[in-house]
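Below, each value reflects all heavy atoms present in this structure, side chains not excepted, and no hydrogens, waters or symmetry copies. Naming: A, B, ... by sequence-line order, numbering from 1 per chain.
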Protein chains: 2
Amino acid sequence: METTVKPKKLVRTSARTTGGSLSSNGGNGSRDGASRGALDSFQLQALSFFVHAFAALSLPRSIGEIYGLLFSTEEALSLDDIIERLLISKGSASEGLRWLRSLGAVNPVYLPGVRKEHFTAETSLRKLATGYLRDRINPHLENGPERLRLLQESIVEGMPQSSFQKSRIGQVAGWYKFMGKILPLVKALAGKF
Amino acid sequence: METTVKPKKLVRTSARTTGGSLSSNGGNGSRDGASRGALDSFQLQALSFFVHAFAALSLPRSIGEIYGLLFSTEEALSLDDIIERLLISKGSASEGLRWLRSLGAVNPVYLPGVRKEHFTAETSLRKLATGYLRDRINPHLENGPERLRLLQESIVEGMPQSSFQKSRIGQVAGWYKFMGKILPLVKALAGKF
DNA sequence: CAGAATGTTCAAGAAATTTTGAACAAAAAT
DNA sequence: ATTTTTGTTCAAAATTTCTTGAACATTCTG
């Protein structure tokens, strides 16, 4: 649930990586082995920012790190670039990227003559909000009617408390109506930023 | 992060409780020891509903259970009533109740001549939304300006990427503006339900 | 086609969170 | 003042979630 804020290390100190090949070095100034984990101050600050922001949504650190890195880097980065700079495992990077992709929070960039997929951060509030709502909120709302029905059917008619129970059902129905009103509003407003 | 939905038992099967005193039995029909864990079908369905809903916000099962029980029960319940009906520990019940109270999701009910504190569920969407935003969203927004400043100060002037970095800062500033616009809207609309 | 490069999956381990239960504190009753 | 009732706190245990890394699948290259 996370009530108190604990200090967390920003970049892992462990040096083990998958031992894989070096970066494709999509165009930034740094060079090869010497560049591992070398992030500029803006990138470091962005990692801190997004790890914190994503944690507010109870999302894992690795996802915040990946988005933060892409957000703060002008060039598109490959999976290996991300692994190398963040010192995270291939598995984390792959799954984190998959999650961000499904949300629409990262954009694939097709570079002619380059095999590896490269990504940049999507920063449009409209797209981010839409993706988040679609992937993480709508699924819960979609089975709302079904859940409401189950609740209704659980009422035993004629019991002394059934009148109270019906009023509770009414409340829940109202909550769903509220969600139905507010979500389009959020999307609409997000479109203006 | 929870991507796939796993089946979770609704009511614990273990029978150990704190071994404490029996319920004050705030007025419902059931009696003493025989009533332990005896929930009607509406209450069971409500538990399922709220455990699921709270899980969507990454909140622990115990909190969903407590709110679900209070929501589906007409009488005010005491800490011991909750422990007895949900078969959860005193610690969970106490901390869960504390959390719900700080949010404003439960209301203390003062019963004349009764020592134990009793609670009912708060169901007003306005109060629930306000409490949630106040306790769980605002804290993150409040240090927004500070975080934005740190981000700005991390830019090294004159670097080739500093122009890109400034445009990113602009995006983040926009996100904060959006939050400043949308939250009052949410509160206002919640007031109408 | 064989070999290399790239990316995914998932079992096992690590880390974080939640729950328990007993010790403790506070308030009320006797 | 002592005992009882009520509720809180927190270390340890249980559980859940995240990360790792190696095996696997797939696609490209020569």
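Atom NZ of B:Lys181 and atom CG of B:Leu183 lie 12.5 Å apart (nearest 0.5 Å). The distance from atom CD of A:Gln165 to atom CD1 of A:Ile155, rounded to the nearest 0.5 Å, is 5.0 Å.
Rounded to an integer number of Å, the gap from CG of B:Leu97 to P of D:dT6 is 15 Å. Regarding B:Glu117, its CD atom lies at a distance of 12 Å from the P atom of C:dA27, rounded to whole Å. One atom, NZ of B:Lys116, and another, P of C:dA29, lie 14 Å apart when rounded to the nearest Å. One can place CG of A:Leu59 at 16 Å from C1' of C:dT17, the figure rounded to the nearest angstrom. The CG-C1' distance, from B:Asp80 to D:dT8, rounds to 13 Å in whole Å. Per the geometry, CD1 belonging to B:Ile82 stands 14 Å off P belonging to C:dT19, to the nearest Å. In this structure, the CG atom of A:Leu79 is 7 Å from the C1' atom of C:dG7, given to the nearest Å. What separates NE2 of A:His118 from C1' of C:dA5 is a distance of 13 Å, to the nearest Å.
For the OP1/OP2 pair of C:dG7 and a distance below 4.0 Å, the side-chain nitrogens and oxygens of A:Ser94 include no atom meeting the criterion. Between C:dT20 and B:Ser92, a contact under 4.0 Å exists linking OP1 or OP2 to a side-chain N or O. A close approach under 4.0 Å does not occur between any side-chain nitrogen or oxygen of A:Arg61 and OP1 or OP2 of C:dA15. Dashed line: the shortest gap from a side-chain N or O of A:Arg101 to OP1 or OP2 of C:dT8 is under 4.0 Å.
For an aromatic pair to be called close, the ring centres must be under 6.0 Å apart, and A:Phe71 with B:Trp175 satisfies this.
Salt bridge B:Glu157/B:Lys166: present, at least one basic N to carboxylate O contact under 4.0 Å.
Ranking D:dT19, D:dT9, C:dG7 by closeness to the A:Ser89 side chain, first place goes to D:dT19. Candidate nucleotides C:dT9, D:dG7, C:dG7 were compared by shortest atom distance to the side chain of A:Arg98, and C:dT9 ranks first. Candidate nucleotides C:dG7, D:dC28, D:dT19 were compared by shortest atom distance to the side chain of A:Arg115, and D:dC28 ranks first. Comparing C:dC10, D:dT20, D:dT19 against the side chain of A:Ile88 picks out D:dT20 as the nearest.
Relative orientation of the B:Phe54 and B:Tyr67 rings is tilted, given thresholds of 30° and 60° on the angle between their planes.
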